[in-house]
There are 2 protein chains.
Amino acid sequence: MRYTIKSRIWIEADGHILLGEGRISLLKAIGQTGSLSKAAKSLNMSYKKAWSLIDAVNARAKTPVITTSIGGKGGGGAELTDYGKSLINAFETINKNCWKFLDKQIAETQL
Amino acid sequence: MRYTIKSRIWIEADGHILLGEGRISLLKAIGQTGSLSKAAKSLNMSYKKAWSLIDAVNARAKTPVITTSIGGKGGGGAELTDYGKSLINAFETINKNCWKFLDKQIAETQL
DNA sequence: AGTCGTTATATTTACAAAGATATAACGCTT
DNA sequence: AAGCGTTATATCTTTGTAAATATAACGACT
């Protein structure tokens, strides 16, 4: 039996959480579906929770990560801003690097 | 305003959590106090919770991390095994390295 | 004008995790 | 043998978080 090492990372702004794994997958789902409600459904998350998460992210980010519209064709929608996309990319890159780093660390240790 | 990046790591054995930051600080408190109940008190944690945590760790670790005695001088007590000490050391080293690594990663990114 | 699917928000309900409480067993010490 | 402080464990209560429910506003389209 071997030990494995796991991690969760998150980005903070001003002492408050900005982005973690859950918010990242929500943002990605919004990018794919073009809608906050569809994104929530695809993640088996309530609309309210999804909305609250996005609201918190927009409040802390230097620039909003999504834009929304109410009414009109399809009832409205949401889409990622360029800044949102770059945040996703940065987060995922760092996260993968972190996993690799930790795997190396645990391999160098014998317990 | 700058973004900061934070992390939590934990060690798993057999798909179940073995050690995280909370359990590590409990183990350290046991090493310092020589008693599970004193350790719990020093961390403002109920005895029951502390005992459950330690029980879970001992169940998953390759070798017990503490030894306990009931009755006798002082009513009994608990102390770290050598294996427990080495687990603490390994965890804390890897954790610090992880923090440094992530700080470097976020510094290389502009968001 | 009415329908539709969406965003936005408040309020209530349910549940799981945490905490509090109680009790037994143990073996030095006095 | 009685007391003490500890480990070990079960049961009940609380509480904080998540989920469910309800409602309003909006604008394109038919």
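Every residue meeting the side-chain hydrogen bond (donor to acceptor under 3.5 Å, both in side chains) condition with Glu12(B), not counting sequence neighbours, appears here in chain and number order: Trp10(B). Listed by chain and residue number, Glu108(B) satisfy the side chain to side chain contact (heavy atoms under 4.5 Å, CB included) test with Lys104(B) (two or more places apart in sequence, or in another chain).
Within the 4.5 Å cutoff, no side-chain heavy atoms of Leu53(B) are placed close to those of Val57(B). Inter-residue side-chain proximity for Gln105(B) and Asn97(A) is flagged as met; some heavy-atom pair is nearer than 4.5 Å.
Between the side chain of Tyr3(B) and the backbone N or O of Asp14(A) there is no donor-acceptor pair closer than 3.5 Å. A donor-acceptor pair is defined here as one N or O able to donate and one able to accept, closer than 3.5 Å; such a pair exists between the side chain of Tyr83(B) and the backbone of Leu111(A). Side chain of Thr81(A) to main chain of Val65(A): a donor-acceptor pair is present (N/O by atom type, distance under 3.5 Å, no hydrogens or angles).
Contacts with DNA chain D (heavy atom under 4.0 Å) in residues 20-35 of chain A: none are found. Using a 4.0 Å cut-off on heavy atoms, the residues of residues 69-85 of chain B that approach DNA chain C are Ile70(B), Gly71(B), Gly72(B), Lys73(B), listed by number. Shown for residues 40-57 of chain B: residues whose heavy atoms fall under 4.0 angstrom of DNA chain D, namely Tyr47(B), Lys48(B), Trp51(B).
Summarising the geometry of Asn58(B) relative to Pro64(B), their closest heavy-atom pair is OD1-CA, 3.3 Å, with the distance given to 0.1 Å. Annotation for Leu19(B) and Phe91(B): closest pair O-CE1, 3.8 Å, computed over non-hydrogen atoms.
Both tests do not hold together for Lys38(B) against Tyr47(B): distance to the six-membered ring centre under 6.0 Å, angle to the ring axis within 45°.
Extent of DNA chain C lying under 4.0 Å from chain B heavy atoms, first and last nucleotide in 5' to 3' order, is dG19(C) to dC28(C).
Arg23(B) pairs in a side chain to side chain contact (heavy atoms under 4.5 Å, CB included) with only one of the listed residues (Ile17(B), Leu18(B), Ile88(B)), which is Ile17(B).
Rounding to the nearest 0.5 angstrom, the gap separating the CD1 atom in Ile66(A) from the CD atom in Glu79(A) is 9.5 Å.
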